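Data first, discussion second: the structure below is written as structure tokens.
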Amino acid sequence: MKKILTLLLFCTFQIIFSQNVFKSQKQIYLAQYYSCQKQYQKALDHYLEAININPKNPSSDVYLQASAIAFRVKDNITAKKLLTQSITNQLAPLDFIRGFKNLKTYQDSEEMKEVLARYDDLENQYFRELKNPKAYMEIQSLIAKDQLIREEENIFQELANKVDSLNIIKLKELTIKNGWEPRAWVLLWHHRGSFKENDHVWDFFIPFLQKEIEKGNVSKNFFVDFEEFNASKGNRQAPAIYDLCGIGRISMNQTYNDIKNLDKRRKSVGLPPLYFGHFLYGMELPKDYEYNPENLLSDLINL
């Protein structure tokens, strides 16, 4: 369970929220669609548009996937640029790049060798270009403390509540001063048990983040995992509202509430139709779910 949580948190940390987040994400969905259709140039064009709209929105694995597609269409210059940006924009770990499945074929290319040889310099460039290095480091310090107490069960039980309470007070101060730092998500997640209750945490963070969502600075689906956890709290059989695959629904019963309106709810928080997961990964669809596959491209465009 701890390994699964660590992996999910790692993936979450890769998601950097900034202006025009949703417009950028729509382009990523379209890139995934065309890639699955083996229309690789179209897929690459949409990945590049997503990055052009907001270089800080795509996660590092999106950059690497786009790089692999650029190699596939023999645009090695673009492939090298995307590899470089995966580090300078998203700090993709060296081992993550080396082990990325779709790049294995191109590991011996001159472009990939050059980028990996420069990894330390590119990593330093990431830190030099941080908009607010001090705020970033303060948040990283809180996260380090948060993770340290969770490494040992006996220490965790004794100190977790105290550390989480102190961290969230400090996080609120930093957020008021510097704005929302995406990597702070894990600190907020530890307060999911009181989500939507009247306390100092959510009385501040819900309206603050809702305003950031409206401005396009934060993903529209930011609260989905919190909503799912809250809906299932105390009832492991409670049906899902939006999504079964997020951290808010681990080990929960695999059913949906009001499945006929599921895709409408998903669209309201910026998620594509549930069918998209089946289209990309062969995900099994619920028995009562109805969808016309011919509408998928149009639904992604009009999300």
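Computed from heavy atoms alone, side chains included, the values below leave out hydrogens, waters and symmetry copies. Sequential numbering from 1 along the given sequence is applied to the chain's residues. Model, not experiment: these values are computed from the prediction.
Open room surrounds NZ on Lys81; 12 or fewer heavy atoms of other groups in view lie less than 6.0 Å from it. In the displayed structure, Ile176 atom CD1 is contacted under 6.0 Å by more than 12 heavy atoms of other residues, nucleotides or ligands. Within a 6.0 Å sphere centred on CE of Met137, other residues, nucleotides and ligands contribute 12 heavy atoms or fewer. Atom CZ of Arg72 is surrounded by 12 or fewer heavy atoms from other residues, nucleotides or ligands within 6.0 Å. Within a 6.0 Å sphere centred on CD of Glu129, heavy atoms belonging to other residues, nucleotides or ligands number more than 12.
Proximity of Phe205 to Phe226: side-chain heavy atoms (C-beta onward) are nowhere separated by under 4.5 Å. Considering only heavy atoms from C-beta on, Phe223 comes within 4.5 Å of Gln210 through its side chain. Side-chain contact check for Glu123 versus Leu91: some heavy-atom pair is nearer than 4.5 Å. Two residues are said to be in side-chain contact when any heavy atoms from C-beta on lie closer than 4.5 Å; Asn217 and Val21 fail this criterion. Side-chain atoms of Ile51 and Leu82, non-hydrogen and from C-beta on, do get closer than 4.5 Å to each other. Annotation: side chain of Asn102 is not in contact with side chain of Leu64 (no heavy-atom distance under 4.5 Å). Taking the side chain as every heavy atom from C-beta outward, Thr84 and Val115 approach each other to under 4.5 Å.
For Lys56 (side chain) and Asn89 (main-chain N/O), a donor-acceptor pair under 3.5 Å exists by modelled atom type. Within the 3.5 Å criterion, the main-chain N or O of Arg98 finds a donor-acceptor partner in the side chain of Gln107. Using modelled atom types, no side-chain atom of Asn52 and backbone atom of Leu48 make a donor-acceptor pair closer than 3.5 Å. Counting only distance, with no hydrogens or angles, the side chain of Ser35 and the backbone of Ala31 share no donor-acceptor pair below 3.5 Å. Judged purely by atom type and a 3.5 angstrom limit, Gln90 has no side-chain atom pairing as donor or acceptor with the backbone of Gln85. Counting only distance, with no hydrogens or angles, the side chain of His278 and the backbone of Glu284 share no donor-acceptor pair below 3.5 Å. A donor-acceptor pair is defined here as one N or O able to donate and one able to accept, closer than 3.5 Å; no such pair exists between the side chain of Trp180 and the backbone of Phe208. Distance alone, capped at 3.5 Å, is enough to place a donor-acceptor pair between the Ser86 side chain and the Leu83 backbone. With hydrogens and angles disregarded, no donor-acceptor distance shorter than 3.5 Å links the side chain of Asn167 to the backbone of Lys170.
The aromatic rings of Phe279 and Tyr33 lie parallel to each other, with less than 30° between the two planes, well short of the 60° mark. Ring orientation note: the planes of His46 and Tyr34 are close to parallel, at an angle under 30° on the 30°/60° scale. Below 30°, between 30° and 60°, or above 60°: for Phe71 and Tyr106 the angle between ring planes is below 30°, a parallel geometry.
In this structure, Phe204 is a member of the same hydrophobic cluster as Val186, with clusters built from ILVMFWY side-chain heavy atoms closer than 4.5 Å. The cluster map of Ile, Leu, Val, Met, Phe, Trp and Tyr, joined by side-chain heavy atoms under 4.5 Å apart, puts Met112 and Ile69 in different clusters. Val218 and Leu174 fall within the same hydrophobic cluster, defined by Ile, Leu, Val, Met, Phe, Trp and Tyr side-chain heavy atoms under 4.5 Å apart, directly or through other members. Cluster membership check: Phe195 shares its hydrophobic cluster with Leu171, using side-chain heavy-atom separations under 4.5 Å among Ile, Leu, Val, Met, Phe, Trp and Tyr.
Taking CG of Asn230 as the start and CG of Asp225 as the end, the distance is 12.5 Å to the nearest 0.5 Å. Expressed to the nearest 0.5 Å, how far CD of Glu111 lies from OG of Ser67 amounts to 9.0 Å. Note that OG of Ser165 and NE2 of His200 are 6.5 Å apart. Values are rounded to the nearest 0.5 Å. Remark: Ile139 CD1 to Lys134 NZ distance equals 12.5 Å, nearest 0.5 Å. Between the CD1 atom in Ile28 and the OG atom in Ser59 there is a gap of 6.5 Å [rounded to 0.5 Å].
The nearest pair of heavy atoms linking Leu209 to Phe222 is CD1-CE2, 3.4 Å. In terms of heavy-atom proximity, Gly270 sits nearest to Phe22 at CA-CE1, 3.5 Å. The minimum heavy-atom distance between Ser24 and Pro58, with the atom names listed, is OG-CD, 4.1 Å.
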Report task. Test Tyr242 against Asn221 for side-chain contact (heavy atoms from CB on, under 4.5 Å), laying out the working first. Result -> CA-CA 10 Å; Tyr242 307 103; Asn221 67 351; over 6 Å; no
Report task. Could you please spell out the steps behind the side-chain contact (heavy atoms from CB on, under 4.5 Å) verdict for Leu262 and Arg265? Result -> CA-CA 5 Å; Leu262 172 61; Arg265 292 196 303 276; 3.7 Å; yes
Requested in this report: Could you go through the side-chain contact (heavy atoms from CB on, under 4.5 Å) check for Tyr63 and Ile87 one step at a time?
Outcome: CA-CA 9 Å; Tyr63 275 97; Ile87 305 166; over 6 Å; no
Requested in this report: Dump the intermediate steps for side-chain contact (heavy atoms from CB on, under 4.5 Å) on Leu122 and Thr88, then the final yes or no.
Outcome: CA-CA 6 Å; Leu122 297 173; Thr88 58; 3.8 Å; yes
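Under a 4.0 Å N-O distance rule, the pair Glu212/Lys215 qualifies as a salt bridge.
Side-chain atoms of Asp45 and Gln41 form a donor-acceptor pair, as typed in the model, at a separation below 3.5 Å.
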List the atom pairs, with distances to 0.1 Å, where a side-chain N or O of residues 285-303 and a protein N or O form a donor-acceptor pair under 3.5 Å, not counting sequence neighbours.
residue, atom, partner, partner atom, Å
Tyr289, OH, Asp263, OD1, 3.4
Tyr289, OH, Asp263, OD2, 2.6
Tyr289, OH, Leu274, N, 3.4
Tyr289, OH, Tyr275, N, 3.1
Tyr291, OH, Leu296, N, 3.3
Tyr291, OH, Asp299, OD2, 2.6
Asn292, OD1, Glu294, N, 3.0
Ser298, OG, Asn302, ND2, 3.2
Asn302, ND2, Ser298, O, 2.8

